[in-house]
Amino acid sequence: MAASNGVDANGDEALMMKRILATHKHLDVNKFDPNPLLHAINDVIQHAKGIPVEGNASGPEGHLRYNLQHLPYEAIKSVSCEFSCKHSGASTTSEVAIRVFQSLGNYSWEAKAVITLAAFAANYGSYVSISKLYGNNDLFSKSTAFLQLSPYLLKQTPLKLQPEALKVVEAILDLAKYIIEIKSFQSQYVQHKMFASIFAVHENDLAKAVYMSIQTTVACASILMNTVALGNEYTPSPVEAEELLNFEMQLKVIHSTLISEMKSWKEYIG
C-alpha cells in the first residue's frame, strides 16, 4: 500500500493545489443542506465509539434530521467506489483524493468534504449492520453476512475500528463542521466586493483544508476495508500508523489556521 504525507508529499505543494483548484467548477455548483448528512455521520461515529445514539428517527425531529430531499446519494456512491480503488493498492491516498475532487467538481468546497466523509460513514455503518446479522438465528440474516464478510470478521462480530482511526475520523468531522461554519459566515458578506476579495485571498487555505479532509478520509477508509477483510484484531501497519499521525497533525494545523482567519475576518468586519 503506497503512502502519502499530505499536500506536499511530492515536494510540490503548489502543483498539487493547482490540480485541486482546477477541478472546482465555480459557475456550476450543486448546493444542498449538509446538516442532515452531518447529523447522520455524527450518529455513526458516536456508535463506532460505543456511545448510544439518542433520539427517535420516526418522530418530528427525525423527519427534520433525515430530510431525504436533494441529498447527493449518487455522489456518495461514487466516492465509495473510489475508496474501493484505494483498497486495491493501485493508488496512493493523494491520487484517490484527486479523483474524488474530479468526481465532485460541481459541488461547493464544504460539500466535497461532507460527501466524502458521508461515504466513509455509509460504508462503516453498512458493514457493522451486516456483521451483526451473523449472530441472528434467522438463516437469511446469517447467509447474508456470510456472503459479504470475511471469516475473520464473522468470528469477532460486530465490526470495530481501532481507537486511533476513530480519533482521526472525529478530527475530520470537526474540520468539516468548521469549514461549513466558514462558508456560512462568508455567505453573509460575499455580495460586498471588499469582503469578497478578502475571502478570495484565503480560498487556497480552504481548498487545502478540504483536500486534507478528503485525503485523510481516504486513508481511514482503507483501514476500514482492511478491518473488514482481516477482522477486528487488524491494526494499522507502521506505515499506515505514521500516515494517520501525520494526517492528524496536519488537520489540527489547518483547523487552527482557519480559526485564526475567521477571527481576523470578524474583527475586520466588526
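Two residues are said to be in side-chain contact when any heavy atoms from C-beta on lie closer than 4.5 Å; T116 and V210 fail this criterion. Proximity of S213 to I254: side-chain heavy atoms (C-beta onward) are nowhere separated by under 4.5 Å. At least one side-chain heavy atom of L244 sits under 4.5 Å from a side-chain heavy atom of C220. Considering only heavy atoms from C-beta on, K177 comes within 4.5 Å of N42 through its side chain. Counting heavy atoms from C-beta outward, K252 and H255 have side chains that stay 4.5 Å or more apart. Side-chain atoms of Q46 and D43, non-hydrogen and from C-beta on, never get closer than 4.5 Å to each other.
Of the candidates L147, L149, L154, V228, L149 is the only one forming a side-chain contact (heavy atoms from CB on, under 4.5 Å) with I130.
With sequence neighbours left out, S150 forms a side chain to side chain contact (heavy atoms under 4.5 Å, CB included) with Y152, L153. For Y127, the ring-ring contact (aromatic ring centres under 6.0 Å, His included) test picks out no residue, with sequence neighbours left out. For A119, the side chain to side chain contact (heavy atoms under 4.5 Å, CB included) partners two or more places apart in sequence, or in a different chain, are I76, V79, S80, F83. Listed by chain and number, the residues in a side-chain hydrogen bond (donor to acceptor under 3.5 Å, both in side chains) with D138 are S141 (sequence neighbours excluded). For S108, the side-chain hydrogen bond (donor to acceptor under 3.5 Å, both in side chains) test picks out E110, with sequence neighbours left out. By the side-chain hydrogen bond (donor to acceptor under 3.5 Å, both in side chains) test, S143 pairs with no residue at all, sequence neighbours left out. For K132, the side-chain hydrogen bond (donor to acceptor under 3.5 Å, both in side chains) criterion is met by H47, not counting sequence neighbours. With sequence neighbours excluded, the residues forming a ring-ring contact (aromatic ring centres under 6.0 Å, His included) with H24 are H26, W109, listed by chain and number. Under the side chain to side chain contact (heavy atoms under 4.5 Å, CB included) criterion, A122 pairs with no residue, sequence neighbours left out. The ring-ring contact (aromatic ring centres under 6.0 Å, His included) test applied to F185 returns Y189, not counting sequence neighbours.
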- [ ] Give the intermediate values and the outcome of side-chain contact (heavy atoms from CB on, under 4.5 Å) for residues Q250 and T216.
- [x] CA-CA 10 Å; Q250 291 193 59; T216 307; over 6 Å; no
Open item on the list: Using side-chain contact (heavy atoms from CB on, under 4.5 Å), reason through E240 and N226 one step at a time and then give a plain yes or no.
Closed with: CA-CA 11 Å; E240 288 177 317; N226 283 330; 3.3 Å; yes
- [ ] Go through the steps for T217 and I214 under the test side-chain contact (heavy atoms from CB on, under 4.5 Å), then give the verdict.
- [x] CA-CA 5 Å; T217 305; I214 289 176; 5.5 Å; no
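A donor-acceptor pair is defined here as one N or O able to donate and one able to accept, closer than 3.5 Å; such a pair exists between the side chain of T227 and the backbone of I223. Between the side chain of S131 and the backbone N or O of L159 there is at least one donor-acceptor pair closer than 3.5 Å. In this structure, the side chain of S78 does not engage the main chain of E74 through any donor-acceptor pair within 3.5 Å.
Rounding to the nearest 0.5 Å gives a distance of 8.5 Å between CZ of F247 and CG of L251. In this structure, CG in L37 is found 9.5 Å from CG in L117, a value given to the nearest 0.5 Å. Rounding to the nearest 0.5 angstrom, the gap separating the CD atom in E243 from the CG atom in N246 is 8.0 Å. Here the CE atom belonging to M16 is positioned 3.0 Å from the OG atom belonging to S94, to the nearest 0.5 angstrom. Taking NZ from K25 and CG from L104, the interatomic distance works out to 10.5 Å, rounded to the nearest 0.5 Å.
Looking at every heavy atom in both residues, F101 comes nearest to A207 through CZ-O, 4.4 Å. Minimum interatomic distance between Y107 and A75 (heavy atoms only, all atoms of both residues): OH-CB, 3.9 Å. What you find for V44 and A121 is that their closest heavy atoms are CG1-O, 3.7 Å.
Two different hydrophobic clusters hold L133 and Y124 under the rule that ILVMFWY side chains link at heavy-atom gaps under 4.5 Å. L230 and L224 fall within a single hydrophobic cluster, where Ile, Leu, Val, Met, Phe, Trp and Tyr are joined by side-chain heavy atoms under 4.5 Å apart, directly or via other members.
For E181, the CD atom is densely surrounded, since the number of other residues' heavy atoms within 6.0 Å is greater than 12.
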Residues 160-176 side chain polar contacts: donor-acceptor under 3.5 Å, at least two apart:
| from | atom 1 | to | atom 2 | distance (Å) |
| --- | --- | --- | --- | --- |
| Q162 | NE2 | N232 | O | 3.1 |
| Q162 | NE2 | Y234 | O | 3.2 |
| E170 | OE2 | K49 | NZ | 2.9 |

Hey, can you pull the donor-acceptor pairs under 3.5 Å for the side chains in residues 257-270, sequence neighbours left out?
| from | atom 1 | to | atom 2 | distance (Å) |
| --- | --- | --- | --- | --- |
| T257 | OG1 | V253 | O | 3.0 |
| E261 | OE2 | H202 | ND1 | 3.1 |
| S264 | OG | E261 | O | 2.6 |

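A side-chain donor-acceptor contact under 3.5 Å links Q215 and T93.
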